[in-house]
Amino acid sequence: MEAQKPTAQPAKAKAAQNKTNVPGIKNAFLVIICCAVICVCLFIFWFGNGIHFEDGNSEGHPINLWGTIYKGGVIVPILQTLFLTVIVLSVERWFALSAAKGKGSIAKFVAAVKKCLANKDIAGAQELCKKQKGSVAAVVAAALVRYKEMDENTVLTKEQKIATLQKEVEEATALEMPALQQNLPIVATMTTLGTLVGLLGTVIGMIKSFQALSASGAPDSTELSTGISEALINTAFGIATGAFAVISYNFYTNKIDNLTYAIDEIGFSIVQTFAATH
């Protein structure tokens, strides 16, 4: 039992290092389900409420925008679910990436760490990481721990030490990147899916309109207006979902690129500083 104690602590320490510092929603499927429930209830109990229609019946002619949206048909709650999902995941990514950025300016943090490394002040650089927090600080902190170990190591050659340090930076970066990009593929999917579902609703609405026009005798104006409303409402929701998803995805992708650049820059500086001073 005594011989196993020294190996237990490193295992725990390694497990602790494998935890990312980026918060976020891990299961986006639950978000979609919750949004679907909210949108279906909203569609049935608010948009379909009799107060928005003539004669107090949802079968009648709508008297305001809410009733018109209800006339958009069963595709509307699906589009609303997609739109609300994009909003929720966009807000979630805002908080996640804000936490990943840390407490201060990334540029100032990188510059301060470089200055500490130039002065061989590893303890000072580690203190900066504790104050900054976030993904960049987490990668730097992991690299600095390995930096200190390699600095005290007398067995490995210089090339082996540099390779070990580079590997540590790569592993720490690989740990943070999935957390930064989490849920963004879903937002990207909504870009196309929202537009296609909106187009489907538009086509269904136009089919109903042409059916009303093709009826024998005078065209049914109610059916015709219902079909046109369905087409336009679905078009509007589809465009809104696609547009918001594109803006959200590109915005957060740019923020992630900036964080990645900062991580690459400081990681390269740590390795180069070690190579120059050893």
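Connection of L89 to M177 is established within a shared hydrophobic cluster, with ILVMFWY side chains joined at heavy-atom distances below 4.5 Å, either directly or through further cluster members. In terms of hydrophobic clustering, with Ile, Leu, Val, Met, Phe, Trp and Tyr side chains grouped at heavy-atom distances under 4.5 Å, I247 and L82 are assigned to different clusters. Put simply, Y70 and W66 are part of the same group of oily side chains (I, L, V, M, F, W, Y) that touch within less than 4.5 Å, one to the next. Note on L84: it clusters hydrophobically with V31, by side-chain heavy-atom contacts below 4.5 Å among ILVMFWY residues. Residues L97 and W94 share a hydrophobic cluster, clusters being chains of Ile/Leu/Val/Met/Phe/Trp/Tyr side chains in contact below 4.5 Å.
Rounded to the nearest 0.5 angstrom, M206 CE and L232 CG are separated by 8.0 Å. Taking OG of S105 as the start and CZ of F109 as the end, the distance is 11.0 Å to the nearest 0.5 Å. Interatomic distance, CD1 of I256 versus OH of Y252, reported as 10.0 Å (0.5 Å rounding). Expressed to the nearest 0.5 Å, how far CE of M150 lies from CD of E168 amounts to 9.0 Å. Note: T241 OG1 to I87 CD1 = 8.5 Å, rounded to the nearest 0.5 Å. Here the CG-CD1 distance, from L79 to I69, works out to 11.5 Å after rounding to the nearest 0.5 Å.
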May I have the list of side-chain donor-acceptor pairs in residues 115-131 shorter than 3.5 Å, sequence neighbours left out?
from, atom 1, to, atom 2, distance (Å)
N119, ND2, K115, O, 3.2
D121, OD1, G124, N, 2.9

Compile the donor-acceptor pairs under 3.5 Å between side chains in residues 32-48 and protein atoms, sequence neighbours left out, one pair per line.
none

Please output the side-chain donor-acceptor pairs of residues 186-197 that fall under 3.5 Å, not counting sequence neighbours, one pair per line with the distance.
from, atom 1, to, atom 2, distance (Å)
T189, OG1, P185, O, 2.8
T191, OG1, V187, O, 3.4
T191, OG1, A188, O, 3.2
T195, OG1, T191, O, 3.1

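Listed for the N153 side chain is a donor-acceptor partner under 3.5 Å among the backbone atoms of V155. Of the possible polar contacts, one joining the N234 side chain to the G72 backbone as a donor-acceptor pair under 3.5 Å is found. Proximity of a side-chain donor or acceptor of N49 to a complementary backbone N or O of H52 within less than 3.5 Å is not detected. Distance alone, capped at 3.5 Å, places no donor-acceptor pair between the S248 side chain and the F244 backbone. The main-chain N or O of K101 is found under 3.5 Å from a side-chain atom of Q132 such that the two form a donor-acceptor pair. Judged by distance alone, the side chain of Q160 and the main-chain N or O of T157 form a donor-acceptor pair under 3.5 Å.
Screening D151, T273, V271 for a side chain to side chain contact (heavy atoms under 4.5 Å, CB included) involving L165 leaves a single residue, V271.
The shortest side-chain heavy-atom distance between V169 and F268 does not fall under the 4.5 Å cut-off. For the pair R93/Q182, a side-chain contact is recorded, criterion being any heavy-atom separation below 4.5 Å from C-beta on. Side-chain contact between L259 and S135 is absent, with no heavy-atom pair separated by less than 4.5 Å. Within the 4.5 Å cutoff, no side-chain heavy atoms of I266 are placed close to those of V139. Between V246 and N250, some side-chain heavy-atom pair lies under the 4.5 Å cut-off.
Residue N254 places its CG atom among more than 12 non-hydrogen atoms of other residues, nucleotides or ligands, all under 6.0 Å distant.
In this structure F274 satisfies the ring-ring contact (aromatic ring centres under 6.0 Å, His included) test together with Y147, H278, sequence neighbours excluded. Under the rule for a ring-ring contact (aromatic ring centres under 6.0 Å, His included), Y249 has no partner lying at least two apart in sequence or in another chain.
The stretch residues 227-246 participates, sequence neighbours left out, in these salt bridge (Lys or Arg N to Asp or Glu O under 4.0 Å) pairs: K208-E230.
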Test log, rule side-chain contact (heavy atoms from CB on, under 4.5 Å), inputs V76 and I233: CA-CA 8 Å; V76 170; I233 289 297; 3.8 Å; yes
Full working for side-chain contact (heavy atoms from CB on, under 4.5 Å) between E171 and L175: CA-CA 6 Å; E171 288 180 351; L175 176 65; over 6 Å; no
Verdict with supporting geometry, Q80 and F237, side-chain contact (heavy atoms from CB on, under 4.5 Å): CA-CA 7 Å; Q80 289 175 332; F237 272 110; 3.7 Å; yes
side-chain contact (heavy atoms from CB on, under 4.5 Å) evaluation trace for E265 with K114: CA-CA 10 Å; E265 180 184 3; K114 286 183 177 180; 2.7 Å; yes
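For the pair K158 and A275, the tightest heavy-atom approach, listed with the atom from each and the gap, is NZ-O, 2.8 Å. Closest approach of T68 to P62, counting heavy atoms only: N-CB, 3.5 Å. Minimum interatomic distance between V74 and I78 (heavy atoms only, all atoms of both residues): O-CG1, 3.9 Å.
A salt bridge does not link E170 with K167: none of the charged nitrogens is closer than 4.0 Å to a carboxylate oxygen.
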